[in-house]
Amino acid sequence: MFESAFKDTNYDDRTYLPPDQRRDTGGTTQWTIKGMAEVLRLGKKTIITAIQVLIDNGYISVAGYESSGHHSKRRIFRVTAVDQLDARRAALEIMGQQKLVDKKEKKYSYIANKN
């Protein structure tokens, strides 16, 4: 996942800024939980637990979701750059932790809260 994010290079389009002030907007990867489990030959629960630990420590974050064309959404993970890691951890202390919620759990929690 980190290697895929490293190869993702999307640079800031603001050409009027000097190169040292532009942000690198890359660092995203679209690996699925199932895809990582198959490549690493681990269970999905193990992958979800490991990703949640990485999210809790600020190494990665969920940047958003993308439609996969099969009526499901694929998570987009953003890898935190090393020079931004301290700032990311400080923001996590203020804002709270992100949770990697399984789609089934989200569905059931919505039904439980609706009643």
Side-chain angles (χ1 to χ4, degrees):
M1 184 164 62
F2 287 98
E3 185 176 344
S4 297
F6 176 73
K7 291 179 181 179
D8 179 33
T9 54
N10 295 321
Y11 295 105
D12 199 346
D13 291 333
R14 298 178 292 177
T15 56
Y16 58 87
L17 291 175
D20 60 336
Q21 292 182 358
R22 292 187 199 173
R23 312 180 291 173
D24 179 11
T25 58
T28 60
T29 181
Q30 298 172 358
W31 276 89
T32 61
I33 303 293
K34 183 179 178 182
M36 284 188 270
E38 288 177 1
V39 169
L40 298 173
R41 296 181 187 214
L42 296 170
K44 287 186 204 176
K45 286 188 178 184
T46 306
I47 297 295
I48 289 171
T49 304
I51 288 177
Q52 187 61 53
V53 168
L54 290 172
I55 288 173
D56 290 343
N57 290 314
Y59 289 106
I60 62 172
S61 60
V62 178
Y65 294 91
E66 179 183 63
S67 178
S68 67
H70 293 89
H71 305 292
S72 63
K73 298 193 183 220
R74 182 180 302 149
R75 287 180 192 93
I76 299 173
F77 294 104
R78 180 173 299 283
V79 176
T80 305
V82 176
D83 57 344
Q84 298 173 355
L85 195 55
D86 292 332
R88 176 76 182 148
R89 288 181 179 161
L92 284 174
E93 288 178 12
I94 295 169
M95 295 175 14
Q97 303 291 335
Q98 273 186 324
K99 295 295 178 193
L100 183 68
V101 179
D102 191 22
K103 294 171 188 171
K104 291 179 183 176
E105 290 177 16
K106 195 172 190 180
K107 179 180 174 186
Y108 292 136
S109 66
Y110 173 72
I111 292 172
N113 292 334
K114 189 177 178 181
N115 292 334

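Between Gln30 and Arg74, the shortest heavy-atom distance links the atoms O-CD, 3.3 Å. Looking at every heavy atom in both residues, Leu92 comes nearest to Ile55 through CD1-O, 3.8 Å.
Side-chain contact between Phe77 and Val62: present, with at least one pair of heavy atoms (C-beta onward) separated by less than 4.5 Å. Between Arg75 and Tyr65 the shortest side-chain heavy-atom distance falls below 4.5 Å.
In this structure, CZ on Arg89 lies 15.0 Å from CD1 on Ile94, to the nearest 0.5 angstrom. The line from CG of Leu54 to CD1 of Ile60 is 4.5 Å long, rounded to the nearest 0.5 Å. Atoms NZ and CD, from Lys44 and Glu38 in turn, are 8.0 Å apart once rounded to the nearest 0.5 Å.
Under a hydrophobic clustering in which Ile, Leu, Val, Met, Phe, Trp and Tyr are joined whenever their side-chain heavy atoms come within less than 4.5 Å, directly or via other members, Ile48 and Trp31 fall into the same cluster. Hydrophobic clustering (side-chain heavy atoms under 4.5 Å, transitive across Ile, Leu, Val, Met, Phe, Trp, Tyr) keeps Val79 apart from Ile76. Under the 4.5 Å side-chain heavy-atom criterion for grouping Ile, Leu, Val, Met, Phe, Trp and Tyr, Val53 is not connected to Leu40 through any hydrophobic cluster.
Listed for the Thr80 side chain is a donor-acceptor partner under 3.5 Å among the backbone atoms of Gly58.
The only option from Thr46, Leu42, Ile51 that meets the side chain to side chain contact (heavy atoms under 4.5 Å, CB included) definition with Met36 turns out to be Ile51.
Atom CG of Asn57 is surrounded by more than 12 heavy atoms from other residues, nucleotides or ligands within 6.0 Å.
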